[in-house]
Amino acid sequence: MTAWTDSAGGRRARAILTSRPFLTLAIVVAVWIAASIASRGFGAYGHLRYLVELGAVIGLVAAGQTFVVIAGGIDLSVAAIVTVSAISLPLLSWQADPTGLASVLAVVALTTAIGVVNGLGVALLRVHPMIMTLAMATFLQGLLIIIAGGSAVTAENPLVHWLGNARPAGIPAGILLWIAVSVLVLTLMHATPFGARIFAMGANPLAASLSGVPIISTTLAVYGISGFTAGLAGVLVLGMNGQGYVGIGDPYLLASIAAVVLGGTSILGGLGTYAGTIPGAILLVTITALITVVNASPGWRSILFGSLILGLLLLSGREQARR
Amino acid sequence: MSIIPYARADGALYWQVQARRNIGVRSLFLVVLAFLIAYAVLFPGLFTVSGFAKFTQSWFPLALVAMAQAILMLTGGISLAIGATVSLGAVIAATTMGGPLGIAGGAAAVALAGLGIGAATGFIVVRLRLPAIVVTLAGSFIIGGAALLILPRPGGSIPAWLSDLLAGDTPAAFVLLVVVVLLWKLYLATPLGLSLYAAGENPVGAYRSGVPVDAARVAAYAISGLLSTGAGLFVAAQTGSGDPVIGTAFTLNSIAAAVLGGIGFLGGQGTMRGALAGSLLLSLMISVMFFLGFTPVAQYVAQGLIIIGAVAIPQFRKVQQ
Amino acid sequence: SQADAAAKCIKGDRKAPYTIGWANIYSVPTWMKQTQGTIEAEVEALKKQGLVDKLVVTDAQGDANVQIQQIQSMIDSNVDAIILIAGSSTAPARVIADACAKGIAIINFDSLVDTDQVTAKVNTDSSQWGDQAAKFLIDAIGGKGKILILNGPAGVSVSDDRRKGADAELKAHPDVKILAETNTPYNVAPAQEAVTSLLFANPEIDGILSLGGALSAGAVLALDKQGRDQVPITGENARQFLELWKEKGLKSWATMQPNWLGAFATYTAVQALEGKDVPAFVKIPLPVIDNSNIDQYLARAKDFPADGYIYSPYDEELFKKLLAQK
Amino acid sequence: MAPLLAARGVSKAFFGNPVLRDVSIALQPGRVHALLGENGAGKSTLINLLSGALRPDSGTIEVDGRAVARMTPALARQAGIAVVQQELSLTASLSIAENIGIGAYPKRFGLVDYKELAARAKAACKLVGLDEPLSTPVGNLSLGRRQMVEIAKALYRRPRVLILDEPTSSLSATETKILTDLLGRLRGEGVAILYISHRLNEVMALCQHVTVLKDGTCTADRSLEGTDAAGLVRLMVGRDPGDLFPKWQPSGSPGAAISVRGFSAGLMHDVDLDIGTGEVLGIGGLVGQGQEDLLLGLYGAIPARTVSATVNGVSGLPGNVPKANALGLAYVPADRKREGLHLIHPIITNMMLPSLARLPSLKLRSRKAERQKGRDLAAQLSIKGDLQRPAQALSGGNQQKVALAKWMPHDPLVLLLNDPTRGVDVETKREIYLMLRAFAAAGKAVVLLSSDTPELVHLCDRVAVVREGRVVRMIERAALSEEAIVSAAMGAERRKVAA
Ligand SMILES: Nc1ncnc2c1ncn2[C@@H]1O[C@H](COP(=O)(O)OP(=O)(O)OP(=O)(O)O)[C@@H](O)[C@H]1O
Ligand SMILES: Nc1ncnc2c1ncn2[C@@H]1O[C@H](COP(=O)(O)OP(=O)(O)OP(=O)(O)O)[C@@H](O)[C@H]1O
Ligand SMILES: [Mg+2]
Ligand SMILES: [Mg+2]
């Protein structure tokens with residue numbers, strides 16, 4: 001009963017300290033400290049900064065994925081959307097646009113539209129999200145055959161280059177972008193009626209619909225957001241690598257799902273927060289980097305990677321019981 | 001308790017229940033049938049023994065992994081490690097069967113590995129209450145890593161006569177599939193097997209009714225592992241060798257087949273016959289599109305449309321009714 | 001006459017114009033797309049000569065099992081020749097043997113299958129690739145120093161062969177210390193990520209042995225972004241890498257898996273069907289790009305996709321010469 | 001004689017909140033034992049302890065006078081204890097027979113003996129009047145039928161002890177009759193029965209002994225002889241009860257809230273209906289005749305057609321839920337767990353959802369205002385405890401209150417209610433009734449679909465009786481009686497006319 005009598009502030013502090021996002025963050029910090037002791041260079045500021053920058057790509061993809069998963073779906077087309085974004089940006093370049101902003105907007109509008117089509121399939125055709133987005137990924141592969149290599153022009157987009165390489169005030173632009181998106185996403189998720197509808201839809205779509213949640217438009221919005229953030233991630237990854245290529249998005253499908261779940265969002269929908277996905281994304285790139293510097297055969301490295309994820313999941317990943 | 005009268009036994013119940021289960025997948029059956037007919041028209045050689053044999057051989061491993069995925073999804077689980085487990089089964093088969101263990105020993109090793117991995121995964125997911133999707137994602141790296149340790153590059157061998165037996169010009173794969181399906185029906189007729197549905201859909205209620213919920217779920221993972229390494233063994237026989245990454249694509253395909261077949265994600269929804277039909281559709285689609293002369297771009301687009309269509313059309317029919 | 005044709009699998013019962021099947025493993029990557037371009041061009045040329053009437057293309061979407069099924073469909077539809085990039089070095093062996101038994105000409109190129117039941121295999125020598133790359137690098141760092149090795153994906157024969165090919169040279173130079181090795185897909189992003197982490201873990205690096213694809217571009221970008229001096233590096237003919245090479249003024253060496261292997265395989269298939277004897281293995285000499293001829297390649301860069309490969313020029317004369325070698 | 005099943009001094013707390021404190025209960029053979037208490041008093045928790053679904057923190061469970069160290073559901077079954085939960089333990093995709101036998105299948109060579117199962121399940125079904133084919137998936141059944149399957153499932157186990165948790169709350173009058181007869185016979189066979197219900201007349205008719213829980217402690221354990229309904233309520237709430245039903249007063253004001261002609265939706269077809277402002281319109285009839293579709297169709301939750309329609313002055317049906325809400329319609333579903341609530345979400349989130357669904361998507365929320373509103377609503381409907389807890393931690397009755405409360409900030413003009421007092425204790429029922437009358441008196445409309453006929457009689461201005469998808473009779477206040485409703489529902493008059 002003591003919990004009731006605590007001050008509101010104390011209760012709040014305790015709630016934060018025992019929350020999944022905080023736990024995931026604590027694990028990240030612990031892994032960083034342990035790894036820096038083992039390998040001096042790992043803990044260098046530059047390296048940690050690089051890890052966070054890499055985490056930004058996963059984090060962006062996982063932002064949309066978090067929305068979709070909380071809304072009770074899943075988006076298996078994010079990898080293909082990242083690739084489409086990175087590949088088609090050079091195709092959508094205009095001479096008249098010296099900043100490159102117009103092309104970026106055009107590409108992101110395209111990927112958002114792709115997401116909305118996913119939403120249409122899920123909401124109107126009532127195709128299961130996994131099937132709809134898998135089919136969308138297949139469509140996009142066909143699209144890529146047509147557009148890939150279509151442009152002989154390297155991506156010389158100033159904005160994209162800036163995003164991938166600039167460090168205003170010593171902070172990589174990609175991280176700044178991620179911070180901005182995170183603030184927006186967290187606000188949208190937890191401080192707007194739209195966010196409340198998504199949680200309701202994910203926890204119990206029937207009850208949500210009977211409570212007046214507009215299921216169709218909310219679904220469209222959710223998948224649209226996922227297309228949007230995956231498109232942004234594509235732009236960022238294009239900037240970081242200087243060149244898009246087919247397959248550039250591939251690593252981000254499972255990574256985005258893993259980041260979401262490691263961050264404590266329930267894969268069954270209705271519960272979770274992007275605040276957990278953020279450390280989840282950083283955790284994933286951290287583990288990957290850790291594995292890279294370990295000298296072992298590919299088989300052992302793979303085993304080590306899997307075991308680490310499993311171990312960390314044990315620390316943070318209990319599913320809440322339902323029903 | 002004499003007031004509870006004892007009605008005359010009615011032997012038809014089992015078959016009535018079985019017939020009921022077709023209802024949800026009828027339209028998928030129709031779609032599959034249409035593709036089968038199209039295939040037979042495009043390729044009359046299907047009706048020769050070897051034509052039929054080859055056709056079932058390409059379907060068989062996908063059918064097995066679809067079952068492996070479906071049984072998990074029925075309990076409310078899922079596995080992203082199916083592909084890696086198939087690979088592991090293949091490399092174990094290819095490294096043991098030609099050696100001192102022999103065919104029987106190799107097959108036993110494959111089966112044990114499948115059961116063991118499945119049971120371990122099941123234990124972790126069920127008893128430690130961790131989300132299956134990430135546990136099996138981690139598992140896919142561990143299992144895939146083990147496959148790489150056993151066979152760092154494609155190689156190994158399967159005795160030629162076994163390859164010819166399983167994947168030659170006889171419909172052995174079809175016979176095997178029938179056997180597997182019969183075994184599944186048998187399992188589903190045991191109390192533990194039938195508990196799958198209850199454990200998946202309403203675990204709390206099932207537990208209160210005295211159902212061994214955890215045991216049913218762990219058993220499902222073990223069986224799933226067995227089916228996956230079994231598929232690996234078959235792939236090894238079909239190809240005459242082992243490849244440590246041969247199974248990768250089976251993970252997503254198994255999910256696609258199961259969901260296409262009407263298996264739901266929340267557990268307890270769907271039937272194995274649906275999952276099998278889903279896998280058959282995926283397999284048929286490839287051949288039919290080939291004979292229709294589709295270019296790769298058209299193949300991708302058509303494949304997406306067929307998958308969506310097979311799921312959406314029944315929905316439309318439902319709405320219209 | 002055709003009846004006693006020497007080439008394997010050829011029975012001499014097939015008449016021009018031929019139907020050619022291309023069993024591709026995955027048609028989306030740019031390398032594949034470029035390769036398909038050379039095949040289509042070759043088919044056009046052969047059509048004009050009345051030798052080919054149709055090209056059937058399949059895409060296994062990266063799945064070796066699907067590729068087997070598609071080759072089976074090609075057999076079922078009785079194509080005259082199959083040209084093949086294998087999704088696994090072992091898996092398609094049996095279905096290929098079936099095709100061979102049916103008298104279908106089979107030309108396997110790029111990713112090869114461990115079987116002799118094919119009309120011909122066409123490829124560069126992966127082992128030689130590794131060997132030459134190692135030689136260059138060891139030379140470039142003066143026979144001693146600390147290096148990183150970047151490999152393609154694990155469990156795949158090509159990357160394994162290239163790595164093994166480098167072994168002899170590396171063993172012969174005990175002063176060359178291998179700091180770390182990685183296995184990643186042949187792509188820029190994963191290579192850049194891995195190399196960046198390795199750079200922080202290993203402050204001193206003298207050279208990078210990069211064994212193919214776009215791995216080298218990733219490594220160069222990683223060095224550049226971390227403000228480190230570029231070091232000698234090996235690579236492949238990816239346009240991005242060649243451009244970075246020039247831009248950063250690298251001392252480098254690259255070879256290639258020429259995309260015209262596809263055209264050549266098509267040509268070879270038709271030659272075999274026409275009753276010509278073709279060697280069981282056509283070894284394509286590795287074209288070398290180094291600081292002496294890099295400009296020639298870059299001069300043609302605009303004809304190639306930005307994320308593609310700048311391959312060496314080819315013509316029918318070259319093909320004839322290759323087929324004539326024993 | 002030793003009781004067949006007993007709890008001795010059991011206590012149970014959830015996350016430090018005590019739910020049961022030192023409670024004892026003894027079930028004797030041949031006796032129907034009532035367990036009464038307000039919503040959240042701990043009744044379900046107690047039966048969960050008795051049946052092994054939960055383990056007590058202290059105290060013991062005894063079977064035949066012997067303490068059982070670790071009771072589990074499987075052990076309980078072996079001891080002949082069967083529990084009827086509220087359609088909670090069924091699996092929708094399995095057939096009736098498979099559901100009935102689950103956890104206790106007859107076996108032959110290790111396989112389920114379907115022949116034997118069919119025989120035994122059929123026998124159990126017959127007892128409860130279930131005549132659907134045994135192979136029917138339970139998912140295809142209505143709530144009431146599912147409840148009957150649940151009862152059949154308990155009987156199948158040939159119990160010595162039968163525990164029923166609110167078995168009648170979703171049953172029709174006929175089904176309730178079948179059940180009460182059945183329990184009488186079982187009692188005659190020496191079965192010990194524990195019966196939980198909020199319907200006191202049922203308890204009076206059926207039970208011999210009563211245990212009353214209040215806030216987790218036992219406040220009475222005595223014979224029912226010589227007690228009347230008012231006495232029971234006194235035992236439960238600790239003071240003299242008011243009348244359950246508020247005194248009816250006319251409140252109808254001229255004007256139509258909803259008016260439809262030729263309305264069809266789901267099972268309902270060709271219905272003409274006027275719902276006046278200021279009235280409580282009852283919807284009666286046997287379960288499953290299409291009443292629910294009438295509500296859902298008006299609410300825009302299922303497709304509906306009309307020849308003409310006016311809803312709160314706007315012509316045409318709303319067509320979808322957000323539009324219906326905008327027109328001032330609100331709907332409280334019958335199945336609160338599946339359709340009404342987000343069980344995993346905090347109570348306050350549940351309460352705020354309809355309001356949030358209405359606000360512009362990107363307007364910033366004020367958590368403070370929401371908390372205030374939540375506290376007000378909780379006070380208004382006496383929902384106790386921390387509003388940040390998930391709704392699934394509430395007892396069934398309190399969940400029902402939340403399902404109703406969430407519409408209040410909306411200030412709806414028309415309340416469409418689908419069996420809103422199911423599983424609700426008498427005191428709360430009374431509060432709800434008062435609320436509904438006050439609501440009507442304020443010039444708004446209430447459509448009350450109810451399986452509880454007395455409720456319809458005492459509360460409504462008019463009752464529309466539905467049979468086979470049509471409104472077969474509109475009974476005005478003056479003619480309103482239980483007999484009138486039942487006979488219209490059964491189609492008695494038509495037969496009379498025909499004869
Ligand atoms: N698993 C649980 N976790 C937390 N609290 C619980 C849990 N189960 C029950 N409670 C709480 O215990 C109290 C008693 O619940 P219980 O279900 O036993 O009440 P009840 O008497 O059956 O009520 P009703 O008449 O509404 O069915 C309630 O306040 C409920 O919120
Ligand atoms: N996961 C859970 N978390 C918290 N409480 C739970 C949970 N599951 C069940 N409960 C509690 O267990 C008790 C028994 O569940 P049950 O659904 O039988 O409730 P009930 O009070 O009988 O409701 P109803 O009257 O609708 O049947 C309820 O009080 C419910 O609050
Ligand atoms: Mg209760
Ligand atoms: Mg209750």
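First the proteins, then the strands, lettered A, B, ... as listed; each starts at 1.
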Open item on the list: For a 4.5 angstrom cut-off between non-hydrogen side-chain atoms, does A/Leu188 reach D/Leu362?
Closed with: yes
Open item on the list: Testing the 3.5 Å rule here: is there a donor-acceptor pair between the side chains of A/Thr192 and D/Lys363?
Closed with: no
Open item on the list: How close do D/Trp407 and A/Leu210 get, counting heavy atoms only, and between which atoms?
Closed with: CZ2-O, 3.5 Å
Task: Proximity breakdown for D/Leu341 and chain A, heavy-atom pairs closer than 4.5 Å - done: backbone
Task: Which atom of A/His190 lies closest to which atom of D/Arg367, heavy atoms considered - done: O-NH2, 2.6 Å
TODO: Quick one: closest heavy-atom pair of A/Pro193 and D/Ser361, and the distance?
DONE: CD-O, 3.4 Å
Open item on the list: Against A/Ser211, only a single residue in D/Leu353, D/Asn350, D/Leu356 fulfils side-chain contact (heavy atoms from CB on, under 4.5 Å); can you say which?
Closed with: D/Leu353
Open item on the list: I need the residue from A/Ser209, A/Gly195, A/Ala200 with the largest number of non-hydrogen atom pairs under 4.5 Å to chain D.
Closed with: A/Ala200
Open item on the list: Minimum heavy-atom separation for A/Pro214 and D/Ala357, please, with both atom names.
Closed with: CD-O, 4.5 Å
Task: Counterpart residues, salt bridge (Lys or Arg N to Asp or Glu O under 4.0 Å), relative to D/Glu339 (two or more places apart) - done: none
Task: Pairwise side-chain contact, D/His342 with A/Met201, heavy-atom cut-off 4.5 Å (strictly under) - done: no
TODO: Flag the pair A/Thr187 / D/Leu364 as yes when at least one side-chain heavy-atom distance between them is below 4.5 Å, and no otherwise.
DONE: yes
Task: Within-4.5 Å side-chain heavy-atom neighbours: D/Ile344 and A/Asn204 - done: no
TODO: Check each atom of A/Ala208 against the heavy atoms of chain D and say whether the ones under 4.5 Å are side chain, backbone, both or neither.
DONE: both
Open item on the list: Is D/Lys406 in contact with chain A via its backbone, its side chain, both, or neither, using a 4.5 Å heavy-atom distance?
Closed with: side chain
Open item on the list: A side-chain contact here means heavy atoms from C-beta on lying under 4.5 Å apart; do D/His345 and A/Leu271 qualify?
Closed with: yes
